[in-house]
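Just below is one structure, and these are the notes that go with it.
Order of the sequence lines sets the chain letters (A, B, ...), proteins ahead of strands, with each chain counted from 1. Quick caveat: nothing in here was measured; it's all calculated off a predicted structure.
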Amino acid sequence: MANNDINSNREPRARVMWAAPVAVLLTFVLVGCYTILQHPITEGDNQQQAYHQEYYREQCIDCHADYAEFPYGFFYGDYPTYYFDNPRWGHYYAYPWWWDHYWYDSDGPVTDEDRQGGEPSRKAGRRGSLAPPYVGGSPAMPTGGGTYSAPGGARSKGGSSSGDEPAQPRTPGEKIRVNKSASSDEDNSNDDSNKKKKAGRRGGIDP
Amino acid sequence: MMIPTRRRKPVAVAALIPKNTQTLLRKTIAVVALLAAAVGYVVVTPGNGLAQGFEDVALFQEAINSNFFGVDARAMSMGNAGIVTARDGSALIFNPANLARIRRIEARGGFTHLRLANETQWFHNGSILDGERDLNKSRINAASLTMPVPTYRGSLVFAFGVHRINSFDRAFEVEIPDTIRPNYETSVGRELETGSMWKWSAGGAIDISPRLSVGGALHLLTGGDEYSWTREYMHVSNVQQNINLNNAIDIDYLGVGATAGLLYQVSPEFSTGFTVETPSFIQAEERFESVLDTNFSNYEWFETSFSEYSIRRPLTFAFGLAGQFERLTVAGDVRYRDWSQLDFNYEDDFLPDSREDQFIQDNLKESISLHLGGEYLFPDQGVSLRAGYYYDPLPISSDFIESNRQYFTVGGGFLIDRVMTVDVAFARGGYELRDFEPGDYFADYKTSRIFLTFAYRI
């Protein structure tokens, strides 16, 4: 009987222990999450483009300048230098699979241009304006000064790019190393009964 | 009010061998208990004031395994540290928040090989009784599937996996002096134990800020443990008078648990992680059989029983810190668990568990394990070299420990093309136990573990 009382007293405490982490988790998930799966369609946008996220893909830097501070995919720190000499590291650890350019994204056979990420498809180009330079062909070259010229004309610190080419966020004054021989994916791919008490008869128990 | 107890029926051969004063039995039980604890079991023996006889006391409760065997070659080669640095499906075990760093669909699997060598020495009347035994086991130990969800910003990743978190594989042999039976000089005891505890996990992680990720995983625990203890009593002059005792215990485990974790990028170089593993609730079904046989009789005596009980493992807290300096990664983890809060209950209300609880409270301790490791990359070759060390103290009184459990680890990794990694690790270490009375008994365990893990990312 006493044993039952003890067990019954334990139940509320057990509930609290479970409830606390669940509550914390739900709080994080439900309140103002940083992660978004799809950009919301804002009023006044081109509805057709917005539906396919094309508009935001091209214009995202206008509003989300912090992209330049948090390179996508690599721990939100700077990409390691060796990513640029050996892009396969970046491809394996940091390049999202939904940026890949697949053969079925083009109408015909896969071309060198496809492999180099030439004309981006909707899938591959979802965030193509920020595609890191270590994969998919020649990266954007710095135009100097550590400033960042985003597609659409927005400017923010910490990046380097020019025109419509992919931008690699960098810290001011930092140089980008580019391996010319790694200018295409094709090249890159080659370098790399009766209830009883519990048995108390573990060793040594004599009969 | 007295709580009614059920007593195990005495074995029929009780009259065959004279009852003793329990001195030797207690010593033997304690030694075996220590050995079991050494490989991860928390073992319960009766305290001196509780030993009312061996028939109705749950002498040994292999309540739960305290050793984390290892689930990933990369982590193992870095001293089994992974709170921050686990960046594949093993994050389900080390820190679910790390899943948020995985950007590609990953299928992963792993194997382990264990080589265990046991040597015992029993000092008795100026002589040394030796025993030694080896055990080799190769097993599958990991499989996982990780699926990042396409995101516009941040990260959302789900993963499923199964990992062999505890190993029950063990072997032991000892020659035991017989001081109570005039015609039996010594007996040889042999133990063999095999089994595993598996964690089936489903988890996910999400970025809640550019630098902060949270994750969680639910675990279904399954496992089995097959234990056998044979003891041969040697007659001093007549082999026909030898007596053989065979005990076998078969346990099935089923339980649930959960893990929650945080991962925070302190600076471009440093990251930190924190995890809480909730108490795990485990149901155990145990079958026991004891057979005693002789050469001089046509009879053998046996006893069987079945019992059910539940175990609640205490909370586990873990903290990790890692620094990433271009090609060099350095990581350290600390894990804390207070095993004195282990809880044990029989399913049958008529069976008291106060004795077990009392023993747990008096004899089990908190444990803090330390893990350190480093990794250096050779990007051109696609190779990583790693080394580490970890100290994983046994959660029992230091009176029983001659040298505590610790391992040195080395390993390497290979990035094949840009879609596959192969990691290998080797861990070498062990521990040494002693009896209550120092200088009386020593058991040395040396283990070598090899891990092989591969992952393919689509």
Side-chain angles (χ1 to χ4, degrees), chain A residues 1-4 7 14 17-18 21 24-25 28-29 33-39 53 56 60 64 66 69-70 73 75-78 80-82 85-89 91-98 126-127 188-207, chain B residues 1 6 8 11 13-14 17 25 28-29 32 36 54 56-61 101 103-105 150-156 189 191 206-211 214 216 229 247 249 260 265 268 271 276 286 288 290 292 305-307 309 326-327 348-349 351-352 379-380 382 415 417-418 457-458:
Chain A
M1 297 294 288
N3 200 34
N4 287 338
N7 288 334
M17 294 179 69
W18 279 102
V24 171
L25 187 63
F28 280 131
V29 171
C33 190
Y34 168 74
T35 296
I36 54 176
L37 305 184
Q38 192 174 41
H39 198 288
Q53 300 287 301
Y56 305 108
C60 55
H64 303 290
D66 61 347
E69 300 173 21
F70 305 108
F75 309 127
Y76 301 108
D78 291 337
T81 306
Y82 62 84
D85 294 332
N86 300 275
R88 57 177 175 155
W89 289 92
H91 184 274
Y92 187 84
Y93 285 110
Y95 194 79
W97 65 268
W98 54 93
R126 187 173 180 179
R127 287 188 54 186
N188 299 340
S189 64
N190 293 330
D191 65 345
D192 312 48
S193 79
N194 46 335
K195 285 195 174 180
K196 292 227 176 185
K197 292 279 276 189
K198 180 169 177 353
R201 303 263 167 102
R202 287 188 169 264
I205 311 299
D206 282 24
Chain B
M1 178 179 175
R6 293 182 182 177
R8 195 187 298 283
V11 177
V13 293
I17 300 174
L25 294 180
T28 308
I29 292 165
V32 175
F54 300 108
D56 68 333
V57 179
L59 294 173
F60 302 99
Q61 308 293 352
R101 291 181 171 176
R103 299 298 186 191
R104 305 191 69 83
I105 299 171
T151 58
Y152 188 84
R153 185 181 69 181
S155 180
L156 176 64
E191 280 187 311
I206 188 169
D207 284 351
I208 59 173
S209 86
R211 299 184 187 276
V214 298
W229 164 256
N247 287 351
I249 301 173
Q265 181 82 33
S271 298
V276 177
E286 178 181 294
F288 167 76
S290 178
L292 193 143
S305 69
F306 174 76
S307 65
Y309 49 93
E326 192 61 21
R327 299 182 180 187
D348 190 333
D349 290 339
L351 293 174
D380 293 342
L415 176 63
D417 200 350
R418 57 180 190 177
R457 292 193 177 181
I458 302 170

Carefully, step by step, assess A:Trp98 and B:Thr151 under the rule side chain to side chain contact (heavy atoms under 4.5 Å, CB included).
-> CA-CA 9 Å; A:Trp98 54 93; B:Thr151 58; 3.7 Å; yes
Checking the side chain of [X] only, and the main-chain atoms of [Y] only, is there a donor and an acceptor separated by less than 3.5 Å?
{"X": "B:Arg104", "Y": "A:Tyr95", "answer": "yes"}
{"X": "B:Glu326", "Y": "A:Thr81", "answer": "yes"}
{"X": "A:Trp89", "Y": "B:Pro379", "answer": "yes"}

Do [X] and [Y] come within less than 4.5 Å of each other through their side chains, counting heavy atoms only?
{"X": "B:Ile208", "Y": "A:Thr35", "answer": "no"}
{"X": "B:Arg327", "Y": "A:Tyr82", "answer": "yes"}
{"X": "B:Arg103", "Y": "A:Tyr93", "answer": "no"}
{"X": "B:Arg457", "Y": "A:His91", "answer": "no"}

Between A:Tyr34 and B:Gly154, what is the shortest heavy-atom contact and its length?
->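 For A:Tyr34 versus B:Gly154, the nearest heavy atoms are CE2-CA, 3.6 Å.
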